[in-house]
Amino acid sequence: YFSEKGDEYKIEQIQDLEDGTISFYNQGSFTDLCRGPHLQSSESIKAIKLLSIAGAYWRGDEKRKQLTRVYGISFPKKTMLDEYLVLLEEAKKRDHRKIGKELQLFTFSQKVGQGLPLWLPKGAKLRERLENFLKKVQKDYGYEPVITPHIGQKELYVTSGHYEKYGKDSFQPIKTPSENEEFLLKPMNCPHHCEIYKSSRKTFRDLPVRLAEFGTVYRYEQSGELHGLTRVRGFTQDDAHIFCRPDQLKEEFIKVIDIVLTIFKALSFSDFTTQISLRDPEDKEKYIGSDENWEKSEIAIIEACDEKGLDTFVELGEAAFYGPKLDFMVKDALGREWQLGTIQVDYNLPERFELEYIGSDDKRHRPVMIHRAPFGSLERFVAVMIEHTAGKFPLWLTPDQVVILPVSEKYVDYAKKVFNFLNNSDIRTLIDDRDEKVGKKIRDNELKKIPYLLIVGEKEVEGNTVSIRRQGEGDQGSMTLEDFASFIHKEVELQIQL
RNA sequence: GCCGAUGUAGCUCAGUUGGUCAGAGCAGCUGAUUUGUAAUCAGCAGGCCGUGGGUUCGAAUCCCUCCAUCGGCUCCA
């Protein structure tokens with residue numbers, strides 16, 4: 001049938017079918033090779049809209065021909081289609097690239113290069129607050145901060161195995177002029193941390209060693225893959241490596257899950273999925289390390305997730321080349337999935353770097369390594385955070401917490417007094433003293449997503465109060481200055497309470 | 001990297017088949033106004049139409065190169 005039709009693609013599919021049963025489905029005059037089912041009838045297809053077209057490799061293989069895929073959607077009613085299109089428009093408004101520009105958080109420059117984000121002052125401070133928050137959590141969990149350089153000798157990555165796996169496809173080595181040494185921009189922090197581990201002798205009593213660093217790394221991502229802040233060529237991981245005894249592995253893994261969940265909770269991230277990424281059993285050559293170690297680490301992850309009662313799903317073939325991992329996945333405004341937090345068990349690097357500790361038996365043993373990054377990268381985390389909150393960050397994190405709007409020029413002096421008081425109380429405050437009507441100032445500052453707008457005029461001056469307007473929620477009545485300050489402090493405390 | 005699309009003032013966008021096509025709104029600046037919970041009025045200023053070539057008497061407009069962005073694919077240590 002398909003030969004007569006001249007449909008070479010269907011023929012190829014049929015040739016690869018193994019089960020021996022081939023079914024056809026009909027829809028009017030349209031006959032298709034399909035496992036089924038098709039629609040019962042086409043009557044529910046009433047409102048149709050073609051959304052986009054895109055290239056797609058035949059059978060997902062980039063070495064094969066690329067076909068044009070047409071994307072469209074249909075609904076049984078026109079009104080439903082219209083609603084959907086409105087929803088789509090709304091989702092686009094939450095795009096972190098748009099909001100990031102509007103709120104002056106970050107930018108890109110053609111001259112600096114693609115995929116290399118530039119953090120603007122407001123974005124940098126927001127990021128700093130996230131870092132400090134995590135540093136505090138990690139301190140409580142026994143992590144020790146370390147700092148490592150942005151480059152490392154090529155040999156470092158030959159030892160780690162990364163050079164063999166990614167060397168030719170990655171940024172090329174930097175060569176020193178006279179000694180002809182070769183350095184690579186670091187694409188990950190683990191090899192550096194392994195060398196820190198090795199810098200002193202460890203005994204079983206020293207473990208676990210938990211080394212943490214906000215490490216900026218550079219990866220040569222394919223140009224077509226770059227996407228706002230979610231996929232970039234230079235980014236900062238909230239990285240840490242835990243070196244522990246095999247008997248500590250599960251406990252340590254569980255503690256890391258706790259950190260991730262703590263952070264997600266503090267940031268009201270409830271909408272995530274957890275994915276266990278295992279090795280593809282059909283294609284073991286893709287991975288390094290012994291079968292025994294792979295099995296041990298895969299079991300450790302699965303057991304840890306069971307013990308924490310995580311609702312996980314397993315993906316075969318999604319593991320890193322050196323070990324299985326547990327990923328926390330979150331969707332962006334348009335429903336695209338991104339990996340945020342990641343926890344990975346690794347038996348390979350300790351072996352390649354010949355890491356050791358002296359056991360209670362006075363013999364040399366090999367530690368196990370856990371790679372973990374609760375945010376994944378600060379870039380991606382901020383991006384997803386923007387899309388989830390539509391730029392309305394929690395009070396403790398948001399760049400500007402309060403803006404004071406004097407009703408007219410006459411009240412600017414009082415506004416300044418309020419400004420000084422709040423700033424001295426560590427509340428990030430602005431004044432909008434432009435020569436505009438209050439309505440205009442309210443509108444502009446609402447659009448800037450500043451959580452609290454304080455309107456001050458004659459009444460407020462008299463009572464030494466401020467009139468409070470909560471972003472998106474309208475007038476909230478008035479309060480004295482002192483009450484307002486402690487009200488803000490309380491809200492912040494509640495939010496970052498662990 | 002691949003397929004397709006896009007690139008005009010700080011931002012969002014108009015510019016019909018190449019011929020007063022350098023335009024608007026917002027933002028900015030200046031002035032007037034002194035404002036009470038989502039846009040006061042008027043004036044002014046802003047652009048090598050992404051880059052480099054080409055076609056043409058004439059290019060924002062047509063062709064090619066490169067750069068960047070967007071939607072997918074592939075990839076994601």
Side-chain angles (χ1 to χ4, degrees), chain A residues 51-71 92 95 97-98 101-102 104 107-115 157 160-167 169-170 186-191 217-228 230-233 235 237 277 287-288 318-323 325 327 334 336 338-339 342 344 346 348-349 371 376-377 380 405-412 433-448 453-460 467-478:
Chain A
L51 297 172
S52 65
I53 57 171
Y57 295 110
W58 172 235
R59 310 195 102 179
D61 184 347
E62 72 173 318
K63 294 197 178 64
R64 304 200 60 179
K65 207 163 157 182
Q66 197 160 50
L67 310 180
T68 301
R69 182 180 290 168
V70 181
Y71 290 81
K92 282 185 187 157
D95 193 310
R97 293 165 294 194
K98 185 176 152 62
K101 186 187 261 181
E102 287 166 357
Q104 297 171 26
T107 188
F108 288 90
S109 147
Q110 277 199 27
K111 251 190 190 135
V112 171
Q114 57 179 169
Y157 302 103
S160 71
H162 290 103
Y163 189 79
E164 193 195 342
K165 184 88 181 169
Y166 295 100
D169 306 323
S170 199
K186 73 173 170 189
M188 76 291 300
N189 305 298
C190 12
V217 297
Y218 299 91
R219 296 178 182 178
Y220 182 77
E221 305 290 9
Q222 297 186 76
S223 60
E225 252 312 323
L226 299 172
H227 182 98
T230 46
R231 191 80 184 271
V232 287
R233 285 180 169 169
F235 57 96
Q237 296 178 309
S277 299
Y287 310 92
I288 58 175
E318 289 294 312
F321 74 93
Y322 51 74
K325 53 182 185 167
D327 290 326
L334 290 175
R336 293 175 290 216
W338 297 97
Q339 177 218 99
T342 181
Q344 313 180 0
D346 187 351
N348 288 298
L349 279 186
H371 309 246
S377 81
R380 186 177 287 178
L405 315 181
V407 165
S408 85
E409 203 180 294
K410 285 185 254 172
Y411 310 108
V412 171
D433 58 0
R434 292 175 305 161
D435 180 12
E436 295 287 352
K437 293 180 134 179
V438 195
K440 168 76 165 170
K441 292 188 192 180
I442 287 173
R443 180 183 156 77
D444 288 349
N445 288 291
E446 285 267 344
L447 291 174
K448 285 192 201 160
L453 283 64
L454 302 184
I455 288 111
V456 297
E458 197 180 346
K459 280 182 280 179
E460 288 72 25
S467 188
I468 300 157
R469 186 186 164 99
R470 170 92 213 187
Q471 202 271 353
E473 291 168 29
D475 196 351
Q476 309 283 304
S478 65

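Sequence lines set the chain letters: A, B, ... in the order given, protein chains first and strands last, and positions in each chain run from 1.
Using a 4.0 Å cut-off between a side-chain N of Lys or Arg and a carboxylate O of Asp or Glu, Arg97(A) and Asp95(A) qualify as a salt bridge. In summary, Glu458(A) and Lys410(A) do not engage in a salt bridge, as defined by a charged side-chain N under 4.0 Å from a carboxylate O. Look at Lys325(A) and Asp327(A) and you find a salt bridge, because one of the NZ, NE, NH1 or NH2 atoms lies within 4.0 Å of a carboxylate O, short of that distance.
Counting only heavy atoms from C-beta on, His162(A) has its side chain closest to A77(B) among U34(B), G36(B), A77(B). Taking the side chain of Gln222(A) as heavy atoms from C-beta on, and the options G36(B), G1(B), C76(B), the nearest nucleotide is G1(B). Here the nucleotide nearest the side chain of Gln66(A), chosen from A38(B), C3(B), A77(B), is C3(B). Each of U37(B), C2(B), G4(B) was ranked by its minimum atom distance to the side chain of Ser467(A); first place goes to U37(B). Distance from the side chain of Gln110(A) is smallest for A68(B) among the nucleotides A68(B), U37(B), C11(B). For Ser170(A), whose side chain is taken as the heavy atoms from C-beta onward, the closest listed nucleotide among G72(B), U34(B), A77(B) is A77(B). Closest to the side chain of Ala320(A), out of A39(B), U34(B), A77(B), is A77(B). Closest to the side chain of Arg231(A), from the set U40(B), G36(B), C75(B), is C75(B). Minimum atom distance to the side chain of Tyr166(A) is reached by A77(B), of the listed A77(B), U37(B), A38(B). Of the candidates A77(B), U37(B), C3(B), the closest approach to any side-chain atom of Thr68(A) belongs to C3(B).
Within 4.0 Å of Lys101(A), counting heavy atoms only, lie sugar-phosphate atoms of the nucleic acid but no base atom. Across all strands shown, Tyr71(A) has heavy atoms under 4.0 Å from sugar-phosphate atoms exclusively, and none from any base. In this structure, Lys165(A) reaches neither bases nor backbone, as no heavy-atom distance under 4.0 Å exists between it and the strands shown. Val438(A) comes within 4.0 angstrom of the backbone, heavy atoms only, and of no base. Note on Gly439(A): only backbone sugar-phosphate atoms sit closer than 4.0 angstrom, heavy atoms only; bases stay farther off.
No side-chain heavy atom of Arg64(A) sits less than 4.5 Å from a side-chain heavy atom of Tyr57(A).
Mapping Lys98(A) and Arg219(A) onto RNA chain B by nearest heavy atom places Lys98(A) at the nucleotide closer to the 5' end. Mapping Arg59(A) and Ile455(A) onto RNA chain B via the closest heavy atom, the residue that lands nearer the 5' end is Ile455(A).
By the ring-ring contact (aromatic ring centres under 6.0 Å, His included) test, His162(A) is found to be paired with Phe321(A), residues two or more places apart in sequence or in another chain being considered.
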Output one line per pair: protein atom, nucleotide atom from nucleotides 26-28 of chain B, and distance, for all N/O pairs under 3.5 Å.
| from | atom 1 | to | atom 2 | distance (Å) |
| --- | --- | --- | --- | --- |
| A27(B) | OP1 | Lys440(A) | NZ | 2.5 |

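Straight-line distance from the CD1 atom of Ile53(A) to the C1' atom of C3(B): 9 Å, rounded to whole Å. Going from atom CD1 of Ile442(A) over to atom C1' of U40(B) covers 15 Å, rounded to whole Å. When rounded to the nearest whole Å, the span between OH of Tyr411(A) and P of U37(B) equals 14 Å. A straight line from CD of Gln471(A) to C1' of A38(B) spans 11 Å, rounded to a whole angstrom. Atom CE of Met188(A) is separated from atom C1' of C76(B) by 12 Å (rounded to the nearest Å). The distance between atom CZ of Arg233(A) and atom C1' of C76(B), rounded to the nearest whole Å, is 13 Å. The separation between Asp61(A) atom CG and C73(B) atom P is 15 Å, rounded to whole Å. Atom OH in Tyr322(A) sits about 12 Å away from atom P in C76(B), given to the nearest Å.
Shown here, G43(B) is classed anti by the O4'-C1'-N9-C4 or O4'-C1'-N1-C2 angle, which is more than 90° from 0.
Distance noted for atom C1' between U8(B) and A60(B): 7 Å (whole Å). Here the separation of U51(B) from G7(B), taken at their P atoms, is 13 Å to the nearest Å. Across A38(B) and U20(B), the matching P atoms stand 46 Å from one another, rounded to whole Å. For the P atoms, the distance from G47(B) to A9(B) is 10 Å, rounded to whole Å. For C29(B) and G46(B), the C1' atoms lie 11 Å apart once the distance is rounded to whole Å. To the nearest whole angstrom, the two C1' atoms, one in G19(B) and one in A24(B), are 23 Å apart. The separation of C66(B) from C2(B), taken at their P atoms, amounts to 10 Å, rounded to a whole angstrom. Taking the C1' atoms as reference points, U16(B) lies 22 Å from U55(B), given to the whole Å.
Between the Glu446(A) side chain and the Gly472(A) main chain, a donor and an acceptor come within less than 3.5 Å of each other. At distances below 3.5 Å, at least one donor-acceptor pair connects side-chain atoms of Asn348(A) with backbone N or O atoms of Ile288(A). Judged purely by atom type and a 3.5 angstrom limit, Lys441(A) has no side-chain atom pairing as donor or acceptor with the backbone of Val407(A).
For a distance-only test at 3.5 Å, the side chain of Glu446(A) qualifies as a donor-acceptor partner of the base of A38(B).
Listed pair Lys325(A) / A77(B) meets the phosphate criterion, a side-chain N or O lying under 4.0 Å from OP1 or OP2. For the OP1/OP2 pair of C76(B) and a distance below 4.0 Å, the side-chain nitrogens and oxygens of His227(A) include no atom meeting the criterion. Neither OP1 nor OP2 of G36(B) sits under 4.0 Å from any side-chain N or O of Arg469(A). Under 4.0 angstrom from either OP1 or OP2 of C73(B) there lies no side-chain N or O belonging to Arg64(A). Considering only side-chain N and O atoms, Ser223(A) lies under 4.0 angstrom from the phosphate OP1 or OP2 of G1(B). At least one side-chain nitrogen or oxygen of Arg97(A) sits closer than 4.0 Å to the OP1 or OP2 atom of C70(B).
Counting non-hydrogen atoms of neighbouring residues, nucleotides and ligands closer than 6.0 angstrom, the CD atom of Glu164(A) reaches no more than 12 such neighbours.
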Starting from the C-alpha separation in whole Å, work towards a yes-or-no answer on side chain to side chain contact (heavy atoms under 4.5 Å, CB included) for Arg336(A) and His227(A). CA-CA 12 Å; Arg336(A) 293 175 290 216; His227(A) 182 98; 3.4 Å; yes
Test side chain to side chain contact (heavy atoms under 4.5 Å, CB included) on Gln344(A) and Asp346(A); report intermediate values, then the result. CA-CA 6 Å; Gln344(A) 313 180 0; Asp346(A) 187 351; 5.9 Å; no
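A cation-pi arrangement, defined by a distance under 6.0 Å to the six-membered ring centre and an angle within 45 degrees of its axis, is absent between Arg233(A) and Tyr218(A).
Contact detail for Leu349(A) and Cys190(A): the closest heavy-atom pair is CD1-CB, 3.7 Å.
With pairs defined as Watson-Crick or G-U wobble and both atom distances under 3.5 Å, the stems of at least three pairs that touch RNA chain B come out as B:1-7 with B:67-73, B:10-13 with B:23-26, B:28-32 with B:40-44, B:52-54 with B:62-64.
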